Amino acid sequence: MNVSPPVNLQELVRRANALSGITLQQLANQVNITVPSSTHSAKGWAGNLLEIALGADAKNAPEPDFRKLGIELKTIPIDKNGKANESTYICIVQLDPGELKDWDTSLVKAKLNKVLWIPIEGDKDIPLSLRRIGTPVLWKPDVNEEKQLRQDWQELCDMIVMGEIDKISSSMGKYLQIRPKAANAKALTKNKNQYGETKATLPRGFYLRATFTQSIIGSLNDND
DNA sequence: GCGTGATCATAA
DNA sequence: TTATGATCACGC
């Protein structure tokens with residue numbers, strides 16, 4: 001089955017709302033895909049499934065999933081209280097000072113300009129096939145959120161430009177953090193500093209902290 | 001190896 | 001229990 005990209009925002013939201021409440025098995029049936037027995041060796045499976053079902057067209061390009069609409073799709077695992085289980089990967093950390101100059105042209109801002117969050121039950125005691133898709137949340141950073149994101153981004157990028165990437169810790173940044181993003185800890189990529197010197201380092205990615213994404217999607221149930 | 005989709009596993 | 005650091009799968 002091949003789902004065409006939604007023609008506009010309304011269409012996308014309508015499609016996403018139509019999935020609210022159904023299980024991953026039901027959605028997989030709709031697009032003729034087999035549900036893996038667990039996420040252990042299929043970590044991005046649910047995210048890919050939603051991309052296919054909603055007609056995302058950016059594939060693995062470093063752009064928002066719905067190119068024409070400028071909207072990024074993110075699934076987010078939540079526990080039984082509606083709380084975010086995990087941090088959220090945003091994009092690769094570029095390691096050339098030329099690409100780290102300006103927040104307004106950054107990959108992070110492009111990806112987070114507008115995000116359609118789709119919560120999915122993520123408790124490990126629920127079989128993958130029975131996990132339900134939640135109510136989508138269309139989000140755009142407000143003035144204060146963007147200010148903090150920009151500040152985190154600037155602080156981290158400044159360090160990279162200064163050639164201090166190896167001093168960056170995941171504990172840095174209020175909303176944004178930088179963590180490894182690679183096949184394994186031995187993977188290497190090139191990092192250029194402000195003087196044009198190049199050295200090999202572990203590839204990393206930008207992530208949103210779970211505490212921040214939690215504030216975006218809100219809590220379905222504060223009891224328990 | 002790069003960049004997408006993320007979650008796993010264990011130290012603290 | 002939680003967050004950091006590590007890892008899995010895929011297309012190209």
Side-chain angles (χ1 to χ4, degrees), chain A residues 2-3 5 24 27-28 31 33-67 71-81 83-96 99 106-108 110-112 115-128 131 133 152 156 165-192 198-215 217 224:
Chain A
N2 221 324
V3 179
L24 292 178
L27 182 56
V31 293
I33 285 176
T34 304
V35 182
S37 55
S38 84
T39 55
H40 190 273
S41 290
K43 294 181 182 177
W45 182 80
N48 291 144
L49 175 66
L50 270 292
E51 285 190 335
I52 292 165
L54 294 174
D57 59 349
K59 302 191 176 177
N60 70 334
E63 301 170 28
D65 295 301
F66 299 96
R67 286 179 151 144
I71 294 178
E72 174 71 11
L73 174 68
K74 287 289 176 201
T75 58
I76 180 164
I78 57 170
D79 68 17
K80 61 182 180 346
N81 297 319
K83 199 177 160 199
N85 276 343
E86 287 280 356
S87 55
T88 299
Y89 170 69
I90 306 165
C91 62
I92 203 74
V93 178
Q94 295 158 301
L95 296 174
D96 185 320
E99 296 162 320
S106 70
L107 213 45
V108 175
K111 285 268 192 174
L112 297 184
V115 180
L116 185 65
W117 297 94
I118 301 191
I120 298 179
E121 288 178 323
D123 285 327
K124 296 188 195 310
D125 57 356
I126 306 174
L128 190 53
R131 293 183 191 176
I133 298 166
D152 287 346
L156 293 163
I165 190 168
D166 290 325
K167 292 183 185 170
I168 291 178
S169 147
S170 311
S171 61
M172 301 177 68
K174 187 175 177 187
Y175 295 167
L176 274 179
Q177 66 178 170
I178 285 180
R179 301 222 305 279
K181 174 59 169 155
N184 56 60
K186 289 174 182 149
L188 292 175
T189 189
K190 286 178 183 172
N191 169 217
K192 202 186 281 185
T198 298
K199 66 176 179 180
T201 190
L202 179 65
R204 290 154 231 239
F206 279 110
Y207 296 77
L208 287 179
R209 294 184 176 284
T211 47
F212 179 57
T213 55
Q214 174 56 33
S215 74
I217 62 170
D224 198 312

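Reckoned from all heavy atoms, side chains included, excluding hydrogens, waters and symmetry mates. Everything numeric here is computed off the predicted structure, so don't read it as measured data.
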Query raised in the report: Would you say the side-chain atoms of D57(A) pair up with the backbone N or O of R67(A), donor to acceptor, closer than 3.5 Å?
Result: yes
Report summary line: Whichever of A187(A) and A46(A) has the more 5' nearest nucleotide on DNA chain B, that residue is A187(A)
Requested in this report: Using only side-chain N and O atoms of S41(A), determine if any of them is under 4.0 Å from OP1 or OP2 of dA9(C).
Outcome: yes
Query raised in the report: Backbone N or O of Q177(A) within a donor-acceptor pair of the R179(A) side chain at under 3.5 Å?
Result: no
**Report entry** Under 3.5 Å donor-acceptor, D152(A) side chain and K174(A) backbone
**Finding:** yes
Query - N or O in side chain of R204(A) less than 4.0 angstrom from dG5(C) OP1/OP2 - result: no
Query raised in the report: With no hydrogens and no angle check, is any side-chain donor or acceptor of N184(A) less than 3.5 Å from a backbone partner on K186(A)?
Result: yes
Query - Electrostatic pair K199(A)-D166(A), nearest N-O below 4.0 angstrom - result: yes
Requested in this report: Kindly say whether, by distance alone, the side chain of K181(A) makes a donor-acceptor pair under 3.5 Å with the base of dT4(B)?
Outcome: yes
Report summary line: Ordered by number, residues from residues 167-177 of chain A within less than 4.0 Å of DNA chain C (heavy atoms) are S170(A), S171(A), Q177(A)
Query raised in the report: Can you tell me how far P of dG5(B) sits from CZ of F66(A), to the nearest Å?
Result: 11 Å
Query raised in the report: Hey, does the side chain of H40(A) come within less than 4.0 Å of dA9(C)'s phosphate (OP1/OP2), counting only N and O?
Result: no
Query - Length of the CH2-P vector between W117(A) and dG5(B), whole Å - result: 11 Å
Query raised in the report: Looking across every strand, which nucleic acid part, if any, lies under 4.0 Å from P180(A) by heavy atom: base, sugar-phosphate, or nothing?
Result: base
Requested in this report: Would you kindly check whether a donor in the side chain of Y207(A) faces an acceptor in the base of dA3(C), or vice versa, at under 3.5 angstrom?
Outcome: no
Query raised in the report: In terms of side-chain heavy atoms of K83(A), which of dT7(C), dT2(C), dG3(B) is nearest?
Result: dT2(C)
Query raised in the report: Considering only side-chain heavy atoms of R209(A), which listed nucleotide, dA6(C), dT7(B), dT4(C), is closest?
Result: dT4(C)
Requested in this report: Could you state the atom-to-atom distance from CG of N48(A) to C1' of dG5(B) in whole Å?
Outcome: 4 Å
Query raised in the report: Does K43(A) put a side-chain nitrogen or oxygen below 4.0 Å from OP1 or OP2 of dT4(B)?
Result: no
Query raised in the report: Just how large is the angle between the end axes of the helix from dG1(B)-dC12(C) to dA12(B)-dT1(C), five pairs per end, to 10 degrees?
Result: 30°
Requested in this report: Round to the nearest Å and state the distance from I90(A) atom CD1 to dA6(B) atom P.
Outcome: 12 Å
Report task. Start with the C-alpha distance between T88(A) and R209(A), add both sets of side-chain angles, then the distance that settles side chain to side chain donor-acceptor pair (under 3.5 Å), and finish with yes or no. Result -> CA-CA 7 Å; T88(A) 299; R209(A) 294 184 176 284; over 6 Å; no
Query raised in the report: Are OP1 or OP2 of dC2(B) and a side-chain N or O of T189(A) less than 4.0 angstrom apart?
Result: yes
Query raised in the report: Contact class for A210(A) vs. all strands (heavy atom < 4.0 Å): base, sugar-phosphate, or nothing?
Result: nothing
**Report entry** Options dT4(B), dT7(B), dC2(B), nucleotide nearest the side-chain atoms of P203(A)
**Finding:** dC2(B)
Query raised in the report: Can you tell me if the side-chain N/O atoms of Y89(A) get under 4.0 Å from OP1 or OP2 in dT4(B)?
Result: yes
Requested in this report: Would you kindly give the CG-to-P distance between L208(A) and dG5(B), to the nearest whole Å?
Outcome: 12 Å
Query raised in the report: With a 4.0 Å cut-off on heavy atoms, is G47(A) in touch with a base, just the backbone sugar-phosphate, or nothing at all?
Result: sugar-phosphate
Query - Sole residue of V93(A), L202(A), I92(A), L95(A) in side chain to side chain contact (heavy atoms under 4.5 Å, CB included) with T189(A) - result: L95(A)
Query raised in the report: Are the side chain of N81(A) and the backbone N or O of K83(A) linked by a donor-acceptor pair below 3.5 Å?
Result: no
Query raised in the report: What is the distance from CD of E86(A) to P of dT4(C), rounded to the nearest Å?
Result: 12 Å
Query raised in the report: Quick one: is dC8(C) close enough that its OP1 or OP2 comes under 4.0 Å of any side-chain N or O from T39(A)?
Result: no
Query raised in the report: Does the pair L208(A) and L112(A) meet the rule for a side-chain contact (heavy atoms from CB on, under 4.5 Å), with working shown?
Result: CA-CA 10 Å; L208(A) 287 179; L112(A) 297 184; 4.1 Å; yes
Query raised in the report: More 5' along DNA chain B: K186(A) or K124(A), using each one's nearest nucleotide?
Result: K186(A)
Report task. Find the distance between CD1 (I120(A)) and CG (L24(A)) and round it off to the nearest 0.5 Å. Result -> 5.0 Å
Query raised in the report: Would you say K59(A) reaches dG11(C)'s phosphate, i.e. side-chain N/O to OP1/OP2 under 4.0 Å?
Result: no
Query raised in the report: When we call it a touch if two heavy atoms are under 4.0 Å apart, what does T88(A) touch: a base, just sugar-phosphate, or nothing?
Result: nothing
Report summary line: When rounded to whole Å, the CH2 to P distance for the pair W45(A) and dG5(B) reads 17 Å
Report task. Identify the heavy atoms of T213(A) and A84(A) that sit nearest to each other, and give their distance. Result -> OG1-CB, 3.8 Å
Query - Contacts of type side-chain hydrogen bond (donor to acceptor under 3.5 Å, both in side chains), residue E121(A), not counting sequence neighbours - result: R132(A)
Report task. Grab the CG-P distance between N85(A) and dT1(C) for me, whole Å please. Result -> 12 Å
Query raised in the report: Using a cut-off of 4.0 Å on non-hydrogen atoms, how would the nucleic acid contact of E72(A) be classed: base, sugar-phosphate, or nothing?
Result: sugar-phosphate
